[in-house]
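Quick notes on the structure that follows.
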Amino acid sequence: MSSGPHAPTLTLATFSAGERASLWEQAFPVAAWRTVLGAGTVTVHVNSGSGSTGSTDATDATDATDATDGEGSAGSTDSTDSTGSTGSTGSADGAVLVLMGSRDGRREALRPLTAGSHEICLAREEHDWLWIDGDVRTVAWTVERSVELAPVTVVMPTFRREEDAVAQAGRFAQMECVHQVIVVDQGGSLAEHPGYLALQESAPGVRLISQPNLGGSGGYARGMLCSQEFPEDSVLLSDDDAVISEESLLRMATYQALAAQPTILGTPLFSAQEPLRLIALSEAVRANDFQWHAADGVRAPVDLTGTSPEDWDFLRPRGEANYTGWWATLFPPGTVAELGLPAPFFLKWDDAEYGLRATRRGYRHVVLPGTSVHHPPWDAYRTQMSWTSRVLHRNRLATAAAYSPRRGVILSSLVHQCKHILSGHHLTAALWDDGIEGFLAGPSAWLGHDLERARAEGQEIVTRWHEDHPVAASELPPARRAPLPFVPAVLRAALRLVTPDRAPRVVVEVTAEELHWHTTMGADAFVVTGAGVPDGTAHLVQGSTARSLLLGTLRRHLRMALRWSSLHRRYERDLPRATTERAWSALFDRAGSSPEAERGR
């Protein structure tokens, strides 16, 4: 799908019907592409499924594209309809299809089509989405532009997920648009793994770098550093278990090549377990409180099963994205050289901080509808009540201090801590408090110095908490599945703060996905169930613990408020220094991660 001076037809998207195919892949997001195509003309090439054997060979769409490269191709006759677009009609089977459009939740049948090639003038097209209704076998959307796609270097950190890492590297190695795959192994388990050794024999473009576990930021930083050997490449950052198709990657690369402004492309996030469950699309960090939020209407996961584009009005932008999630993010060539390497945060907020940095330098962020990455979903339990919660909050505060003198993040932090405490999420509150202490110590105490111990330190807090607050689900009264009504729940939680501890009477059972402050509010104990949660995981909610946590967190937030100006100056000064190649090279040297630890070049 590359283009150049001798290949002026640029393919924007291709689609082949299949078992898991959906309108998400077939529909053309006009609103998104119009920003880089302007008022030009797009050609749609359609092969119908009528009379076919049901093959899903994507080359049919390519064949349709090739048929328009010269005038007078066999079987095509040009015509112009009332909308001003031209079409090539005359398919062998004469099957009638319909060009559909949608805008603001309204669906409209624009005109009938037959299989073949049809031009659509974007200057006269006001719809957000276009798609083909009917028995479609293949669809391709193309434009006449002389733009060359950059080859892609993939950077993929991994930690002791050998099967996932080998499978992911193998998928990328088979993609024609991928130049090389840099696998950064931080668990020391891939170099002699039979699957990797076999892959190395068949895919010389896969490179393996072994280093200590320096977190996601350390893995990405090492790969991004190596990617600069090929400055003409785009760089894709990918998780080892985030599956993206070559078609999605090509759509992203095409959009990036057409953009006049340097543009970082992100990918809509779908559930690996439920392939049509959209988890996140376009996101941004709010300047007032430095909290993630949707830059569109995707406030919660959405099941797209049985829907079509007129149902997708929630995808319309409500604001500008200022970062993209690194489950699959594509940087244009030269980005790493200009912007530097990630903040050494171990985990969480490295992608958001890099996005804010890029936004300041004039980069645009686009999460392109029609593309997708499928990733095992995160649940609230593993996010809030594991060691990751500590670094998440510390890194958020550090990013806020580096980018803004405003204190809105302090109020937001305090409000959320009060919710944690009142709802019985006391482990989360303890992890956040430790993160706040780390932040208050200043950047010189941890930034770029704690990567090798960050995970262990967080896990130590979790382990110690469970040892100090032992509770077994089998010893609790029978649990109820429904949360308490909100008003009585808040009153019970507030009353607990001023009354002596007593034996639990109201126990709530929630799944890891359902865990939220309002689902456990007012309970005397709660039990968490679900995949990945140890059997019988229970949390006792005691007033004495809540009072201690509340007093402690009030003191910490007061200290933050009083010292914010000083903390802002220090983080604003030190964070950029920590993202340079020099700083990261010194960090790798201290960790004993040398260039000699690389294989498969």
Side-chain angles (χ1 to χ4, degrees), residues 13 20-25 27 29 32 154-158 161 164 167-168 171-172 216 219-220 235-253 255-256 263-285 291-305 307 309 311-312 314-331 347-355 365-384 388 392 512-513 531-532:
R20 288 178 55 179
S22 70
L23 273 176
W24 182 258
E25 287 84 17
V154 176
V155 174
M156 187 192 78
T158 186
R161 286 211 297 251
D164 285 338
Q168 181 78 307
R171 282 189 291 267
F172 282 125
Y220 284 124
V235 177
L236 177 74
L237 304 186
S238 174
D239 284 349
D240 57 9
D241 56 352
V243 178
I244 184 172
S245 68
E246 183 171 17
E247 172 62 26
S248 285
L249 182 53
L250 285 168
R251 294 185 191 192
M252 295 163 68
Y255 189 102
Q256 195 171 79
T263 303
I264 295 174
L265 266 293
T267 322
L269 180 65
F270 285 80
S271 167
Q273 281 74 34
E274 302 173 77
L276 288 179
R277 185 174 177 81
L278 176 64
I279 299 172
L281 195 96
S282 183
E283 297 183 320
V285 175
Q291 184 65 280
W292 298 319
H293 76 290
D296 49 32
V298 186
R299 311 292 180 187
V302 181
D303 188 358
L304 300 185
T305 303
T307 66
D311 304 312
W312 302 344
F314 53 81
L315 298 181
R316 299 198 74 182
R318 270 70 167 177
E320 283 287 325
N322 55 18
Y323 81 98
T324 57
W326 283 0
W327 45 76
T329 285
L330 186 68
F331 294 143
L347 189 73
K348 308 290 187 183
W349 277 87
D350 47 354
D351 51 2
E353 187 282 327
Y354 204 89
H365 301 267
V366 172
V367 180
L368 187 60
T371 63
S372 61
V373 66
H374 288 85
H375 190 285
W378 299 278
D379 59 57
Y381 182 82
R382 282 186 286 266
T383 301
Q384 297 177 20
T388 64
L392 184 154
E513 292 78 15

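Owing to the predicted nature of the structure, the values given are computational and were not obtained by experimental measurement.
His365 places no side-chain N or O within 3.5 Å of a backbone atom of Thr263 that could act as its donor or acceptor partner. Checking side-chain atoms of Gln168 against main-chain N and O of Asp239 turns up a donor-acceptor pair under 3.5 Å. Between the side chain of Asn322 and the backbone N or O of Val285 there is at least one donor-acceptor pair closer than 3.5 Å.
Atom CG in Leu330 sits 8.0 Å away from atom OG1 in Thr267 (nearest 0.5 Å). Going from atom OG1 of Thr324 over to atom CD1 of Ile264 covers 6.0 Å, rounded to the nearest 0.5 Å. Atoms CZ and CZ, on Arg299 and Arg318 in that order, are 6.5 Å from each other to the nearest 0.5 Å. In this structure, OH in Tyr220 is found 6.0 Å from OG in Ser238, a value given to the nearest 0.5 Å. Rounding to the nearest 0.5 angstrom, the gap separating the CE atom in Met156 from the CZ atom in Arg171 is 9.0 Å. Annotation: the span from Leu281 atom CG to Arg316 atom CZ amounts to 14.0 Å, rounded to 0.5 Å.
Closest approach of Leu23 to Pro309, counting heavy atoms only: CD1-CD, 3.9 Å. Nearest approach of Trp24 to Pro268, heavy atoms of both residues: CZ2-CG, 3.8 Å. Annotation for His375 and Ala242: closest pair CD2-CB, 3.6 Å, computed over non-hydrogen atoms. Closest heavy-atom contact between Gly216 and Pro157: O-CG, 4.3 Å. Annotation for Phe270 and Leu276: closest pair CD2-C, 3.9 Å, computed over non-hydrogen atoms. Counting all heavy atoms, side chain and backbone alike, Ile244 lies closest to Met252 at CD1-SD, 3.9 Å.
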Between Tyr354 and Phe331, does the ring-ring contact (aromatic ring centres under 6.0 Å, His included) criterion hold? Intermediate values first, please. CA-CA 11 Å; Tyr354 204 89; Phe331 294 143; 5.2 Å; yes
Output, in order, the C-alpha distance, side-chain angles, deciding distance and verdict of side chain to side chain contact (heavy atoms under 4.5 Å, CB included) for Asp351 and Thr329. CA-CA 9 Å; Asp351 51 2; Thr329 285; over 6 Å; no
Residues 366-374, side-chain donor-acceptor partners within the protein, below 3.5 Å, at least two apart:
from, atom 1, to, atom 2, distance (Å)
Thr371, OG1, Leu368, O, 2.6
His374, NE2, Pro275, O, 2.9

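Side chains of Trp312 and Thr307: a donor on one and an acceptor on the other come within 3.5 Å.
At a threshold of 4.5 Å between non-hydrogen side-chain atoms, the residues Phe172 and Leu236 count as touching. With a 4.5 Å cut-off on side-chain heavy atoms, Ser22 and Leu304 do not count as touching. At least one side-chain heavy atom of Thr383 sits less than 4.5 Å from a side-chain heavy atom of Leu392. Within the 4.5 Å cutoff, no side-chain heavy atoms of Phe314 are placed close to those of Asp296. At least one side-chain heavy atom of Arg382 sits under 4.5 Å from a side-chain heavy atom of Asp379. Counting heavy atoms from C-beta on, the side chains of Leu269 and Trp378 come closer than 4.5 Å.
Looking at Arg161 and Asp240, a side-chain N of the basic residue comes within less than 4.0 Å of a carboxylate O on the acidic one, giving a salt bridge.
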